[in-house]
Amino acid sequence: MTARAYALSDGNSFYCSCERVFDARLARLPVIVLSNNDGCAIARTNEAKALGIRMGEPWFKIRDMCRQQGVRVYSSNYALYGDMSARVNAVYRSFSPRIEVYSIDESFLDISDVRESDREALARDMRATVRAWTGIPTCVGIGPTKTLAKLANHVAKKNPELGGVCDLTDPEQYDHWIIRVPVGDIWGVGPANTRRLEALGCDSAADVRDLDTRVARKAMTVVGERLVRELRGEACLDLETLAPTRKGCAVTRSFSNRVEDLATMEEAVAAHAARLGEKLRGERLGTDHVTVFFHTSEHDRDRPQRSVSTVVTLPEASNDTRVLVKACLHGVRKTWKDGFRYSKAGVVTTDLVPLAASQRALPGLGQIDREQGAALMAALDACNRRFGRGAVVPGAAGLTPKREWSTKFEMRSPRYTTRADELPVVAAA
DNA sequence: TCTGGGGTCCTAGGACCC
DNA sequence: TCTGGGGTCCTAGGACCC
């Protein structure tokens, strides 16, 4: 049996790169993309990083500086990023059929079948092809385990002289880099485990690799032992080529303005419940209980704080928007109290089940008419796909949507690839 | 004025059972 | 004074990821 080899490819400053694909003027300019509600910076180009803009930096703190420095700022445009991600993955699939889509901008590829001496060339070819076909710049890390492929990717990103590719299945490269990566930069090691590992005398990934597995397990449970083995080149994590059915699903949002009245809260929660139904129907999943929560903001220091979380049980599993909205509104009304400035609300489900196989309630004891409901929901989803999300909503409880609470996207670019009315316009002279 | 959203995995500890 | 020993299931919370 030949040793395994994984490649991890990811898009550089992915959201920013997507914006650059559709506006060539952004090349070499500092660009950032903001989180939902235009809250903070979640993607920065190298030029923006060089200006000192940190990951997660609140927008209101850097707004003035960004204006002065000419930083180009965008609200999140997930329709665009999701579509670009699919295009990039289509290119990866032409290089290896065994691929795990790990996140919107990262995928693992199994390249065990590629000869050791050909791996680096393959990675370079793949980078060039992704760039040519989608416009997205990438980096590729190669390793005998997923953790080492991640590490290699990190090295490729931090060391421009490598030309975007690092292969740690090459023993010389492995020995060279493993001693140069600090513990905090290892995949799976966050702030808490960095402290624990440093207390054990580990400064580099090589130090962690050389830890006794029992010591690692004691300090960091099974996660620690697995980490040590993966760094040694012993694969403990498999490629997950089939996306597992999801276990939970949530729709949560901060309000653009604080919410102080019940009617607005009901409107927001009903909209979140409707979106939840849409997501569940997309995967043919259902739930028989839903958690509704809302709370004030820790940043309102001088204000009374309140945090509510309540579970509403349904008679049987469902993904019907009308059922979910009704249940969630019940949760809000049951727990509502005036006199607070609420900053965020959400609906959360866990224990999702494939709807078709789920236990039915007895007729007369709350059984939901699934057949008729499913047809109605399918029609609803079709309308919303065609005319945009939220075009049609159930008229639950006489709500008249004003959407005063809704999320801000004040600087969003056009959805170039998914909306005909937002196609880029080209002028030929 | 203004500070994201959505996931997963793992463990400890309590309740409950035989 | 002495007051079992295992199971399982559930929940809350920590930690981490992008």
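In the text below, chain A, chain B and the rest are named by the order of the sequence lines, each starting its count at 1.
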When the distance from [atom1] of [X] to [atom2] of [N] is rounded to whole Å, what number comes out?
X: A/Arg196; N: B/dT11; atom1: CZ; atom2: P; answer: 12 Å
X: A/Phe255; N: B/dT1; atom1: CZ; atom2: P; answer: 20 Å
X: A/Ile186; N: C/dA15; atom1: CD1; atom2: P; answer: 18 Å
X: A/Leu197; N: C/dA15; atom1: CG; atom2: C1'; answer: 13 Å

Does [N] have OP1 or OP2 sitting under 4.0 Å from an N or O in the side chain of [X]?
X: A/Ser35; N: B/dT3; value: no
X: A/Arg246; N: B/dT8; value: no
X: A/Lys279; N: B/dG7; value: yes

Once ring-ring contact (aromatic ring centres under 6.0 Å, His included) is applied, do any residues pair with A/Tyr92, and if so which ones, sequence neighbours excluded? none
Checking A/Arg63 against A/Phe60: charged group under 6.0 Å from the ring centre and within 45 degrees of the axis?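 Verdict for A/Phe60: no cation-pi partner in A/Arg63.
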Against the six-membered ring of A/Phe294, is A/Lys344 placed for a cation-pi contact (under 6.0 Å from the centre, within 45° of the normal)? no
Work out how far the C1' atom of B/dC2 is from that of C/dC18, and round it to whole angstrom.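 Pairwise C1' distance, B/dC2 against C/dC18, rounds to 24 Å.
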Please report the distance separating the C1' of C/dG4 from the corresponding atom of B/dC16, rounded so that it comes out in whole Å.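 16 Å, rounded to whole Å.
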5'-most by nearest nucleotide on DNA chain B - A/Lys344 or A/Arg341: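 Comparing both residues, the 5'-ward one is A/Arg341.
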Counter-base of C/dA12, judged by Watson-Crick or G-U geometry with both distances under 3.5 Å: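 C/dA12 is paired, partner B/dT11.
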Using ring centroids (six-membered ring only for Trp), state whether A/Trp187 and A/Tyr102 fall under 6.0 Å. yes
Consider the side chain of A/Arg226, meaning its heavy atoms from C-beta on, and name the nucleotide among C/dC16, B/dG5, B/dC10 that approaches it most closely.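 For the A/Arg226 side chain, the nearest candidate turns out to be B/dC10.
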